[in-house]
Undergrad: 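Can you keep this structure in mind? I'll have questions shortly.
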Amino acid sequence: MLNRQGRPSQPEAHGPSDPAAGMAAEAARLQGDVGRSDKGSAGDHPTFTGNRALAQIEPLIFEIGHAETTGVDLDEPDDFTPRLGGLERREPIGLPGLSEPETMRHYVRLSQQNYGIDTGVFPLGSCTMKHNARLNERMARLPGFADVHPLQPVSTVQGALELMQDLGRYLTTMTGMTAVALSPKAGAHGELCGMMAIKTAIAAKGEGATRNVVLVPDSAHGTNPATAALIGFTVRAVPAREDGWVHVEDVKALIGPDVAAIMLTNPNTCGLFEPQIVEIAQALHEAGAYFYCDGANFNAIVGKAKPGDLGVDAMHINLHKTFSTPHGGGGPGAGPVVLSERLARFAPVPFIRKVGERLELVEHEEEEAGETAPFGRITAFHGQMGMYVRALSYMLSHGCDGMRQASEDAVLNANYVRAGLSDLLSLPFGDKPCMHEVLFDDAWLKDTGITTLDIAKAMIDEGYHPMTMYFPLVVHGAMLIEPTESDSKASLDLFIATLRDLAMSAKRSETERFRGAPYHAPRRRLDETRAARSPVLKWTRPAPVSEAAE
Ligand SMILES: Cc1ncc(COP(=O)(O)O)c(C=O)c1O
């Protein structure tokens, strides 16, 4: 028989005695469906192939490729004498081969299974899944930037250094800070960089042995306490309050001579601006401690508030959230850290310095005796060039007013979603304005038999990527929605209408719609506990159908 690529199926795959059943089983096997709980998941109208119309289920390449197939014709090698001293491979490696069109189709189909911001509304809270203009991508691919090598002589990369210097200047201007370290490669890496600067500053004051506590609010992103602990600080939690804010009196009650810093996110992970942030900064400074601000949510306040004016000493900025690089998928990140005057001299190497008309890279701490005292180096090279180009391209194409408007629109959109849903869903901190993301809890689902997870899965059936679930941890059954500035009113209206429909359905306890969801996705609901506890990380070739049936 032929599989859907028109190629003879593997010889060992014998069907059962009923030819039609055998063909269906074979098709399912070729679709990689053997042993999966959602086998035959095309609902009431199963198809022979397992596909759902033009939405094709793509098997693993090992399931469709054959070791004896190749997409290229290579000449037989001339006779040669191996020089591997008997270490050459004796058996074929068994890599799956496909023809060129099959290879193309395989990867295109896989790419079509991805849901991205280019596919639809992506309301994943705390992640800022916003539109990335193609212009920025194009700039990043200009050969002069894309092909630059970190070991090139500095005289040949003057343009790249100038771009980095400009980017750094814009970041310090926007944040009202004195210095910037561009090299950290993610938000969490930026936290590490900023906290190492703080640790070095404390040691320079001779307080390294005594100031070893970092205050972290309960609502913080998990990376904050992890960073503090990683570099040897003890974490002291600032308790969560019912209004979602951090209160200056709670911070004051925890401040002592042992406190090195606070790590506070603003706007915080509940989507709220911290109204007492200036008083909190003052209290810390008076006690000789530092203020680390997690600036991952800077996209809500660009052009509206400068963290330096609020008393922040160190803050990372996720370029991959605020400044136009796709976020997610383990792709490249950049988490530059801006530093106040109190910390500027401890910024890590490398950094850029202008000497006459030329730009130089200061690569080593020892080059810097005197006015600066870098704490060391946090990356091998200088960071992610492509992200720097995208970020600068974003800044220049938006201009100051455009960036401010992006923040305003992000906040407006989140509040539009809040207003559109607040009569049906419950808001843990009352119906007050939020910043760039709106946080609901699951109180509204009480007695319905439906959970936050069920709502998220039902959203998939409706064609939406789910919102962030169960984060922040301080809110029960949290649903965190960040629409960003990218979506139009029409698309937000449809999103709100969809969520309203789901909410009303949940309130009527129409459990069937939720419990089995997603019904229409290529894969049905996973057993998440099993997936976490016994992950299957290795593919094993299934037994031939005839054996499996025995
Ligand atoms: C508030 C907050 N802090 C820190 C981080 C960590 O950033 P990254 O994932 O780049 O390490 C994130 C991630 O989005 C975040 O939302």
Undergrad: Around atom CG of Leu151, are there more than 12 heavy atoms from other residues, nucleotides or ligands closer than 6.0 Å?
TA: yes
Undergrad: Salt bridge between Asp118 and Arg134, side-chain N to carboxylate O under 4.0 Å?
TA: yes
Undergrad: Is the cationic atom of Lys199 (NZ for Lys, CZ for Arg) positioned less than 6.0 Å from the six-membered ring centroid of Phe233 and within 45 degrees of its normal?
TA: yes
Undergrad: Not counting sequence neighbours, which residues clear ring pair (Phe, Tyr, Trp, His ring centres under 6.0 Å) with Phe495? List them please.
TA: Tyr464
Undergrad: According to side chain to side chain contact (heavy atoms under 4.5 Å, CB included), who are the partners of Arg141, at least two apart in sequence or on a separate chain?
TA: Glu137
Undergrad: Would you mind telling me which of Leu439, Leu124, Val417, Asn299 makes a side chain to side chain contact (heavy atoms under 4.5 Å, CB included) with Glu482?
TA: Asn299
Undergrad: Do Asp454 and Thr451 meet the criterion of a side-chain donor-acceptor pair at a distance under 3.5 Å?
TA: yes
Undergrad: Considering residues, nucleotides and ligands other than Met104, do more than 12 of their heavy atoms fall under 6.0 Å from its CE?
TA: no
Undergrad: If the condition is ring pair (Phe, Tyr, Trp, His ring centres under 6.0 Å), which residues does Phe471 pass it with, not counting sequence neighbours?
TA: His221
Undergrad: Taking it one step at a time, do Arg513 and Glu462 satisfy salt bridge (Lys or Arg N to Asp or Glu O under 4.0 Å)?
TA: CA-CA 11 Å; Arg513 180 172 180 188; Glu462 298 296 338; 2.9 Å; yes
Undergrad: I would like to know whether Glu437 and Lys130 meet salt bridge (Lys or Arg N to Asp or Glu O under 4.0 Å); could you show each step before the answer?
TA: CA-CA 13 Å; Glu437 50 196 354; Lys130 63 192 223 172; over 6 Å; no
Undergrad: Classify the side-chain pair Ser426/Asp441 by whether it contains a donor and acceptor separated by less than 3.5 Å.
TA: yes
Undergrad: Taking atom types as modelled, find out whether Asp147 and His149 have a side-chain donor-acceptor pair closer than 3.5 angstrom.
TA: no
